[in-house]
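These numbers come from the heavy atoms of this one structure, side chains and all, not from hydrogens, waters or symmetry mates.
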Amino acid sequence: MKVIMTTKIDLASMNIRRHLIEGFGFKETEKSFDGNPVYEKGDTLILTTNDEMIYYDGLDRAIENQLGLKPEVIVFASRHSSEKKLPALTTHVTGNWGKALYGGKDGHLAIAIPGAMKLALLKMNELNDLGWTVCYEATHHGPSELEVPSLFIEIGSSEEEWINERAGEIIAETIMHILENYDKKKFKVAIGIGGGHYAPKQTKRALETELAFGHILPKYAQPVPKEMLLRAIERTAEPVEAIYVDWKGSRGETRQLARSLTEELGLEFIKD
């Protein structure tokens, strides 16, 4: 089963959930998860919890315990917050390159699903008639302790955007597109290094070329030990073929680490 995860305390999450139920024919079942009704359509469930999803380590185990099934993928429908209140539609995988400030564990990464995130970017960009930014975010926040592939897809970045009806429609349609197609499409998979939190160069590459990104290490989280880059490659659901470096947006030691790692592992080194 495929799982769309929502939470009652998130306006954007509830906006997206409503558009999924009303627009795509999900039906309420007799099952419950965390005390909330479970909605189902075909091989996809909508689950709802009561707290912040970023702290829900072990969600896959909770689903197995409560519903007796192991999800094959989890899509978190969420809000995005920023001080600049940039209207945006974003996607990213979770985890912490260093200290865990907002959920998850220090130096732990969730399992990235690059093809699904690329499909999310492409579909959001196609549907985006709001004039908002569409982008990746760098890997950040929890949960990190998940043993099935997952991604966040978000409406940002203030209450005005979270409750926007069109944004809810766009994300709902994007989620359904992802879940129907992520296991059919094959892209060239890379981990991304460098740039700011909104990964502009990686976003541009994903929208314009065959590249699909898993974990993205921004400049502000650098440097990291070699073990973290190896972990990012290991914690990717699809085979990683390349390491992409935003050269000016990376620290010198991280550039060199990335280059030496590609030689060691036989991966392509892409410099932008």
Side-chain angles (χ1 to χ4, degrees), residues 1-50 53 56 59-60 62-64 66-80 87-94 113-130 132 134-136 146 148-156 159 161-185 212 237:
M1 295 293 283
K2 303 163 187 175
V3 168
I4 303 167
M5 195 67 209
T6 65
T7 177
K8 289 164 71 173
I9 64 168
D10 179 333
L11 291 174
S13 192
M14 289 295 94
N15 179 12
I16 298 162
R17 177 179 179 265
R18 179 167 52 80
H19 282 288
L20 282 164
I21 292 168
E22 293 176 359
F24 291 92
F26 281 86
K27 301 297 183 186
E28 186 173 346
T29 70
E30 295 180 354
K31 301 171 186 175
S32 67
F33 181 82
D34 286 354
N36 299 299
V38 173
Y39 288 80
E40 184 173 8
K41 179 188 178 183
D43 63 351
T44 303
L45 301 178
I46 300 176
L47 306 184
T48 305
T49 189
N50 306 303
M53 296 186 292
Y56 213 144
L59 170 62
D60 48 335
I63 293 170
E64 200 163 357
Q66 293 185 45
L67 300 175
L69 62 93
K70 182 175 181 179
E72 60 189 75
V73 62
I74 301 173
V75 179
F76 293 87
S78 175
R79 72 183 182 278
H80 170 66
L89 305 170
T90 75
T91 187
H92 70 94
V93 62
T94 55
I113 183 164
M117 290 194 293
K118 181 181 176 77
L119 287 175
L121 275 185
L122 292 168
K123 180 56 74 171
M124 290 189 298
N125 194 57
E126 174 195 328
L127 298 175
N128 179 24
D129 50 12
L130 293 166
W132 295 5
V134 171
C135 64
Y136 283 122
L146 299 171
V148 299
S150 64
L151 65 147
F152 266 66
I153 183 164
E154 303 178 350
I155 299 173
E159 184 171 337
E161 288 80 34
W162 300 337
I163 63 173
N164 183 284
E165 291 290 321
R166 179 59 183 150
E169 289 177 357
I170 289 171
I171 299 301
E173 185 172 341
T174 298
I175 289 172
M176 296 306 294
H177 176 72
I178 293 167
L179 294 179
E180 289 165 6
N181 295 286
Y182 80 94
D183 55 351
K184 301 171 188 170
K185 298 280 189 179

Would you mind reporting whether [Y] and [X] have side-chain heavy atoms less than 4.5 Å apart?
X      : Y      : answer
Leu130 : Ile170 : yes
Ile63  : Ile74  : yes
Thr94  : His92  : yes
Leu47  : Asn36  : no
Lys31  : Leu67  : yes
Leu127 : Glu173 : yes
Leu45  : Lys2   : no
Thr49  : Met53  : yes

Kindly compute the distance separating [atom1] ([X]) from [atom2] ([Y]), expressed to the nearest 0.5 Å.
X      : Y      : atom1 : atom2 : result
Glu126 : Leu119 : CD    : CG    : 11.0 Å
Ile4   : Ile171 : CD1   : CD1   : 12.0 Å
Met124 : His177 : CE    : NE2   : 11.0 Å
Thr174 : Leu89  : OG1   : CG    : 7.5 Å
Cys135 : Leu121 : SG    : CG    : 7.5 Å
Met117 : Thr90  : CE    : OG1   : 11.0 Å

Any donor-acceptor N/O pair, [X] side chain to [Y] backbone, under 3.5 Å:
X     : Y      : value
Asp43 : Met1   : no
Thr91 : Phe152 : yes
Asn50 : Asp34  : yes
Lys41 : Phe24  : yes

For residues 11-19, tabulate all N or O donor-acceptor pairs below 3.5 Å that involve a side-chain atom, not counting sequence neighbours.
unit_1	atom_1	unit_2	atom_2	d
Ser13	OG	Thr7	N	3.0
Ser13	OG	Ala77	O	2.8
Asn15	OD1	His19	NE2	3.4
Asn15	ND2	Trp162	O	2.9
Asn15	ND2	Asn164	O	2.9
Arg17	NE	Thr48	OG1	3.0
Arg18	NH1	Glu165	OE1	3.4
Arg18	NH2	Glu165	OE1	3.3
Arg18	NH2	Glu165	OE2	2.7
His19	NE2	Glu165	O	3.3
His19	NE2	Glu165	OE1	2.9

| message | Quick one, Arg79 with Ile155, criterion side-chain contact (heavy atoms from CB on, under 4.5 Å). Give me CA distance, side-chain angles, the key distance, then yes/no. | response | CA-CA 5 Å; Arg79 72 183 182 278; Ile155 299 173; 5.9 Å; no
Where is the tightest heavy-atom contact between [X] and [Y], given as atom of each residue plus distance?
X      : Y      : answer
Pro114 : Ala212 : O-CB, 3.8 Å
Asp60  : Val148 : OD2-N, 3.9 Å
Ala62  : Tyr56  : CB-OH, 3.6 Å
Phe76  : Ser150 : CE1-CB, 3.9 Å

Which residues pass the side-chain contact (heavy atoms from CB on, under 4.5 Å) test with [X], sequence neighbours left out?
X      : value
Glu180 : Met176
Ala116 : Ile113, Leu151, Ile178, Tyr182
Glu28  : Pro37, Tyr39
Asp183 : none

| task | Starting from the C-alpha separation in whole Å, work towards a yes-or-no answer on side-chain contact (heavy atoms from CB on, under 4.5 Å) for Asp10 and Ser78. | result | CA-CA 7 Å; Asp10 179 333; Ser78 175; 3.6 Å; yes
| said: With side-chain contact (heavy atoms from CB on, under 4.5 Å) as the criterion, how do Ile46 and Val38 come out once you've worked through the C-alpha distance, each side chain's angles and the decisive distance to 0.1 Å? | reply: CA-CA 6 Å; Ile46 300 176; Val38 173; over 6 Å; no
| request: State whether Asp129 and Arg166 are salt-bridged, where the test is any N-O pair (Lys NZ or Arg NE/NH1/NH2 against Asp/Glu carboxylate O) under 4.0 Å. | output: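 Looking at Asp129 and Arg166, the cut-off is met.
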| Mind checking what makes side chain to side chain donor-acceptor pair (under 3.5 Å) contact with Lys118, not counting sequence neighbours? |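 In terms of side chain to side chain donor-acceptor pair (under 3.5 Å), with neighbours along the sequence ignored, Lys118 is linked to no residue.
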